[in-house]
Amino acid sequence: MSSLSSPYPLVRLLAALFILAFAPPGYPDEGKLEESIGHLGSSSRQEIIASVEALRQLGDHRALPALEALLDRRLRVTKAGRILIKLKTGHGMIDAVTGVVIAQQLDGLDIPVINNQVRIVLSQTIANLRLASPDAEVRLAAAEELLLHPQEEATSALRAAIDREKTTKVRRALALALALTEVAGANKERRLAALDIIGQSDNPNFIVNLKPLLAKQASGEFQEPDEQVRQAARSALSAIERHMVVVGVMQNLFYGLSLGSVLLLVALGLAITFGLMEVINMAHGEMLMLGAYSTYIIQGIFKAHFPDQFAWYLVASIPTAFIVSGVVGMILERSIIRYLYGRPLETLLATWGISLLLIQTVRLIFGAQNVEVSNPPWLSGGWELMPGLMLTYNRIAIICFGLGVVLLVWLFLNRSPLGLQVRAVTQNRAMAAALGIYTSRVDTWTFGLGSGIAGLAGVALSQIGNVGPELGQSYIVDSFMVVVLGGVGKLAGTIWGATGLGVINKFLEPFTGAVLGKIMVLVFIILFIQKRPQGIFALKGRMAEG
Amino acid sequence: MLSQLARLHTRRAWIYILSLTILAVLVIPVLNRAVPKDSVFYLPDYLISLCGKFLCYALVALAMDMIWGFSGILSLGQGVFFSLGGYAMGMHLMRVMAGEGVYRSQLPDFMVFLDWKELPWYWLGFNHFWFTVLIIILVPGLLALIIGFFAFRSRIKGVYFSIITQAMTFALMLFFFRNETGFGGNNGLTDFKRILGFSLQEPAVKVGLYIISALVLLISYLLCRYITMSKLGRVLAGIRDAESRIMFSGYNTLHYKLFVFTLAAVLSGVAGALYVPQVGIINPSEMQPANSIEMAIWVAVGGRGTLVGAVIGAGLVNAAKSWFTVAFPNLWLYFLGVMFIGTTLFLPRGVVGLAAILAKKKLTGRDSLQMIDSE
Amino acid sequence: MALNGAYGHIAKKDGMVDTSHRTVLYVDGVTVSFDGFKALDDLSLYVDDGNLHCIIGPNGAGKTTLLDVITGKTRPDTGSLFYGQSIDLSKLSESEIAQAGIGRKFQKPTVFEHHTLFENLELALKCNKGVWHSLFGILTPIQRRRIAEVLETIGLTDQVDQKAGLLSHGQKQWLEIGMLLMQDPGLLLLDEPVAGMTPQEIETSANLLKSLSGERTVVVVEHDMEFVRAIAQWVTVLHEGRVLAEGKMDEVQHNPKVIEVYLGE
Amino acid sequence: MTRKHLPSIFILITMSLLLLTGPAIQAVKAEDTIKVGILHSLSGTMAISETSLKDVALMTIEEINQRGGLLGKKIEPVVVDPASNWPLFAEKARELIDKHKVAAVFGCWTSVSRKSVLPVFEELNGLLFYPVQYEGEECSNNVFYTGAAPNQQAIPAVEYLMSKEGGGAKRFVLLGTDYVYPRTTNKILRAFLHAKGITDADIMETYTPFGHSDYQTIVTSIKDFSAAKKTAVISTINGDSNVPFYKELANRGIKAENIPVVAFSVGEEELRGIDTKPLVGHLAAWNYFMSIDTKENKEFIKKWQDYVKKHNLPGGDKRVTNDPMEATYIGINMWAQSVIQAGTTDVNAVRQAMGYQKVKAPCGFDISMDAKNHHLHKPVFIGEIRADGQFDIVWKTPGPIRAEAWSPYIPDSAKKVADWTYPWVCGNCTAPKYK
């Protein structure tokens with residue numbers, strides 16, 4: 001993890017400052033440190049790289065704040081070439097060399113421009129220096145950074161760090177990083193041991209380090225002369241490859257589930273408005289869109305008024321999106337859709353008109369461009385279940401969210417009095433009315449519920465895709481497919497339909513590519529509906545007559 | 001035969017149809033070709049192309065009315081049949097200009113820069129016009145026959161059928177979007193030069209295409225009219241209103257539905273084929289599910305089950321669209337949206353129904369399809 | 001079947017069903033289940049040629065399902081169905097069964113509401129039901145006469161050019177029976193033909209049905225005991241998908257099991 | 001019987017009358033302005049990109065009008081909405097030229113829309129200014145291309161990635177949306193990479209459908225592919241699909257230092273919809289960036305922001321400028337200069353005057369129009385994404401470079417010459433043509 005996404009930036013900064021303040025006096029290379037830091041603000045990137053490398057050679061922790069600032073675009077250079085660090089919070093600045101706080105506002109400061117090349121060297125150097133951090137998390141992150149860019153220069157630092165290290169997790173990462181640097185070394189014993197460690201790591205990232213050992217030269221000779229080393233490399237490679245087969249299946253399953261849960265979320269609202277109420281709701285996609293825009297608005301409010309609680313804006317937007325989409329849905333039901341019950345194909349036309357209106361309204365208010373909805377920090381990044389298998393947090397969250405929404409809908413329909421009325425009305429309107437149920441009121445609530453759930457799906461979509469006026473259009477066909485595949489009027493069918501489609505799609509995609517995969521899924525749906533015209537969960541007998 | 005034809009309409013109605021035909025195929029071309037450009041009565045060229053396009057849309061609407069308005073089967077796949085006909089025509093136009101593309105190759109341009117060395121087998125034969133005409137009729141017809149056979153045999157109806165055809169539309173759209181499929185991918189086929197040796201840039205050729213479209217529309221209208229006036233039309237309406245009664249009366253509804261679905265597909269294909277030389281491009285976005293839905297909307301706006309309504313609806317919606325997109329570029333979607341909602345809520349029988357109400361005529365008689373004709 | 005062959009030609013070779021054993025319909029060990037619920041449970045039933053056979057039973061006894069099975073709407077899980085000696089109904093589609101000579105009237109009157117009475121009867125007319133014939137065929141004078149005849153029978157001659165949707169409920173029922181007559185079926189299945197009728201209408205209906213039997217076999221599914229008593233020659237009582245009792249009306253009425261099912265609850 | 005037909009006949013006749021007379025009445029109006037057409041989708045899928053171009057075009061026209069207009073007349077923009085519907089583009093183009101008699105049309109974004117209108121402009125001898133980077137392989141006498149050709153965007157970017165500074169990539173993933181621009185660009189790039197000694201084994205080419213939103217599988221395969229050698233991704237992903245792609249990339253922890261992604265369709269406008277913090281270091285190649293530090297650019301940005309504020313456009317102070325907007329701005333200004341120079345809006349005269357026309361562009365260079373191939377000479381900038389959604393310019397060409405309408409890397413196209421000056425007068429031939 002780089003400093004950009006690390007969860008504890010402040011802690012680390014304090015730690016760095018701590019080291020800076022209590023560093024043992026009398027470093028021999030005092031002048032060199034100052035000079036190198038001074039060159040960090042150079043306008044030539046080659047010079048910056050040279051000075052970063054010099055700082056790595058020095059191994060002086062006091063350079064850390066300046067290096068981190070350079071990476072984060074917080075380094076400033078005065079006209080006179082003095083290097084300043086802009087603090088992460090507030091407008092304060094400190095001098096990179098002396099650590100003196102600068103109170104007055106300075107104008108005409110330059111920001112050194114770095115590129116990826118500089119960034120690599122910077123990250124390595126920072127990681128090198130951080131190996132000595134008192135914080136185990138920081139050390140772990142540093143070790144992982146070194147895994148990405150193994151460098152021979154770090155060997156001695158790594159050895160020293162391993163000797164010092166008490167935390168097992170960090171030790172393991174450090175040992176791996178060391179192994180990576182030693183594989184290419186000269187000591188055969190060490191190389192064999194390193195290959196063993198790499199093989200055990202199961203990490204597909206290291207194939208890159210193994211492949212050259214087994215490659216042949218143009219003459220047909222192995223590049224690696226030592227048969228024993230080649231043997232070890234071969235077994236390490238096959239260990240990793242065996243592991244990758246497992247990873248492959250697992251990740252397809254996860255991708256399938258996550259795609260399935262997205263489909264489930266977008267289809268669930270439709271399963272109610274279309275499945276239960278038989279309204280061919282072409283405006284369903286726009287309910288998703290409204291939900292996503294609600295998220296955007298809430299995000300804006302949090303940014304402006306509650307910046308400290310920003311991480312929780314998503315939680316606040318869940319009820320908001322539900323209410324916004326739900327209320328819009330209820331208004332539409334009251335004003336338009338209720339005149340069209342029993343004429344499903346006409347609802348298609350009217351709701352198509354509604355969808356045009358909603359899209360254009362949003363376009364006129366928010367503009368035609370996409371708006372930015374950022375992942376809150378707790379949804380950024382992922383969880384490495386096993387080497388090579390990264391489950392991203394936003395996908396995990398969507399799977400859980402999907403399950404939660406399904407559970408709530410189920411509870412609502414089956415355990416609440418209103419849910420009972422909903423079921424009664426959808427099964428036999430006349431009878432329900434005769435029993436004293438206000439069927440039109442129930443209709444409004446039901447439609448509102450379906451739209452509200454679509455709004456919830458919009459919240460989820462805002463976390464994985466873009467938010468724009470046309471957001472809903474791309475999901476409308478998919479959601480109808482899911483509902484029909486599952487069986488109209490059956491919640492369980494919708495769940496199976498969505499998950500099934502997601503998983504099939506993801507297992508097909510590696511072989512067929514994205515386009516053909518999608519086509520094949522559609523063909524599959526067409527064939528499936530031939531076989532079971534009423535979907536997976538078919539209603540039979542009298543119920544099916546309708 | 002002629003007497004049967006004459007019976008399709010009352011004499012009055014025939015006079016109207018005849019005069020409209022004369023207006024379309026005689027007066028409008030004359031206003032464009034023979035009237036001097038500075039005259040008030042001069043019709044600019046772009047209007048001819050526009051009218052030609054509307055006529056093609058009207059033909060699709062007619063097909064949609066047959067399958068939906070009369071038989072109650074809402075097919076959301078008409079856009080596919082339309083595009084297939086269009087692609088067949090487009091392939092012909094590409095083939096006859098072989099060697100005149102930007103790369104001067106015998107292959108269409110997109111194949112050249114995709115590095116294809118020879119024409120794929122499914123492009124063979126398209127240099128012949130007769131073959132193309134055959135394909136324009138056969139391919140949409142066969143596809144409809146196959147899809148229809150499987151769908152109707154499994155008793156898929158109503159919403160399910162709509163959604164199955166929508167899935168087909170979507171799948172085919174994605175398929176045509178692929179560059180490997182060999183139909184020009186996203187760009188489709190464009191930059192046509194000649195049809196049957198006539199330059200497509202020539203205004204006279206455009207007028208010719210327009211007149212052909214008008215005549216094809218007229219013939220198709222009469223054909224549809226004949227069908228709906230025959231017992232077959234009543235069986236179709238019977239399928240729409242009470243399918244089980246039709247079945248228990250001994251009719252095999254599969255055959256009837258297949259007939260009308262295939263007919264609608266062929267008509268749509270022909271419309272697509274006429275459309276392509278007039279607008280100069282065919283690409284997969286014509287297969288967007290939204291386009292097929294819009295076709296249903298034309299029919300709904302005009303009035304379902306009236307044939308004339310379909311033609312009027314297609315003209316009305318597209319004319320409105322054409323005008324609004326220039327006059328109110330920011331707001332035209334509102335007009336369109338309100339138009340659709342308003343029609344469904346207040347004009348369940350479309351503009352034709354409104355006209356009948358305005359004329360304060362009670363609607364009785366044999367069927368809604370007779371609304372114009374007899375009471 | 002006096003007019004048979006004269007006003008239309010029949011899909012099957014002769015359209016006559018082989019009733020040499022006097023039984024026109026065999027239902028043997030038929031079971032139909034929906035999601036585990038057995039609507040028909042190993043049901044066996046035989047209908048004699050020319051009989052007016054009534055089937056009664058409480059709600060959910062499987063009456064309508066039985067008609068569905070006979071007319072091909074629902075396929076039985078097990079069991080066999082024969083029309084006459086030779087026609088295996090389980091192999092035919094709805095329209096083929098109809099063409100073979102079984103007509104059915106639905107519980108809810110099902111007529112073509114947007115068509116006139118004339119057109120309704122024309123559609124039901126026994127003739128070639130193929131697509132091309134429908135497209136090009138024209139009614140012969142004999143066929144027109146047949147339509148007029150049936151209109152006379154159901155007493156709706158005056159409304160010949162009216163749309164069926166404008167008829168009263170009872171008139172729709174009669175129209176539907178008229179449509180069945182147009183099919184010239186050997187076996188008529190009527191699902192609650194007098195539901196929702198006034199007493200006068202019921203009486204007319206009873207007379208109509210009685211006049212039909214003998215020439216054709218008529219199966220009536222009914223709730224209305226009075227009506228059944230008035231017309232039935234043979235009664236079958238269904239209960240929970242099985243035959244509970246069978247016989248003449250008087251016998252059935254005094255059957256203790258029937259009394260228990262009907263009155264015991 | 002007669003009156004029973006009246007309603008429908010009445011409607012039919014009214015409709016045809018409306019159709020016929022409506023345009024005629026408008027055409028009679030006196031012409032005291034110079035009309036220009038703005039042909040950008042304001043609805044449908046492309047509205048997301050094209051709306052800004054319409055706005056900037058209106059801004060530029062307003063600016064010219066404030067300076068007094070052209071030839072003593074005001075410019076009157078005719079805005080139409082082709083609604084992301086390609087045949088509609090052709091129809092609207094025809095209407096603009098034939099009915100509104102516009103002097104020039106500024107518009108189109110997608111290649112297919114340009115291909116759709118091209119025959120119309122050639123048939124009616126109109127002028128189209130096309131402001132978007134595209135795949136090349138086209139050269140029309142009726143079109144002025146103010147966006148980049150592949151050699152002004154894609155090839156410099158790949159060269160940069162292969163350089164030591166750019167990370168020295170040895171393997172390339174060509175990732176795009178399945179349509180003609182990515183296909184052609186990737187074909188050119190593949191030929192270019194071959195020329196640089198990179199074999200097919202080190203090139204992975206993948207396409208996704210339009211509107212694709214699930215990049216899990218593709219990101220995994222990129223990651224696997226990158227295991228062998230230093231890899232860079234060249235993305236020609238179009239429009240909406242960029243957001244899910246970048247989000248997936250960020251969440252999987254793939255950073256620009258490891259696998260840099262260079263995009264040709266991602267600019268400031270597109271980044272507005274993305275949280276860019278995890279994307280720092282990914283690249284884009286353009287002929288203009290909003291962060292370019294020149295006097296002209298500051299003025300341009302200020303004008304734009306004032307215009308947005310004045311007309312209360314959606315998005316408000318978050319609106320940014322980008323490359324196609326600059327291209328639109330250059331195009332209109334160049335056209336205006338040519339009209340003044342020619343003293344008329346006549347298409348043939350203006351076209352002749354357009355050659356060698358020079359404009360001091362916001363990017364800080366004197367941008368000139370190539371009289372031969374109707375493309376602009378443009379500088380190339382490579383920017384790395386910053387956390388604030390802007391770009392750090394990490395590389396640029398010393399000056400404007402000439403566009404190659406016909407790529408030398410495609411055998412069939414290498415033979416072609418684009419030269420609209422005498423004695424060639426031909427945009428795609430191998431020997432001079434006279435007209």
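In what follows, chains are A, B, ... by sequence order, proteins preceding strands, each numbered from 1.
- Under the 4.5 Å side-chain criterion, counting only non-hydrogen atoms from C-beta, D/Phe89 is not in contact with B/Ile281.
- Residues B/Glu286 and D/Pro87 meet the side-chain proximity criterion, which asks for heavy atoms closer than 4.5 Å.
- Looking at B/Phe192, neither its backbone nor its side chain comes within 4.5 Å of chain D, counting heavy atoms on both sides.
- In this structure, chain D has heavy atoms under 4.5 Å from both the backbone and the side chain of B/Ser322.
- Among B/Gly188, B/Ala24, B/Ser49, B/Gly185, the residue making the largest number of heavy-atom pairs under 4.5 Å with chain D is B/Ser49.
- You'll find the side chain of D/Glu91 stays beyond 4.5 Å of the side chain of B/Tyr46, heavy atoms only.
- Both the backbone and the side chain of D/Arg94 have a heavy atom closer than 4.5 Å to some heavy atom of chain B.
- Of the two parts of B/Asp109, neither the backbone nor the side chain holds a non-hydrogen atom closer than 4.5 Å to a non-hydrogen atom of chain D.
- The distance from atom CD1 of D/Ile97 to atom CG of B/Asp45, rounded to the nearest 0.5 Å, is 12.0 Å.
- A distance of 9.0 Å separates CZ of B/Phe177 from CG of D/Asp178, quoted to the nearest 0.5 Å.
- At a 4.5 Å heavy-atom cutoff, the contact between D/Lys54 and chain B is made by side-chain atoms alone.
- Interface residue D/Pro209: only side-chain heavy atoms are found under 4.5 Å from chain B.
- Residues D/Val79 and B/Val326 form no side-chain contact, since every pair of their non-hydrogen atoms from C-beta on lies 4.5 Å or further apart.
- Heavy atoms closer than 4.5 Å to chain D are found in both the backbone and the side chain of B/Asp191.
- Using a 4.5 Å cut-off between heavy atoms, B/Gln288 does not touch chain D at all.
- Atom CD of residue D/Glu135 and atom CG of residue B/Asn187 lie 7.0 Å apart, to the nearest 0.5 angstrom.
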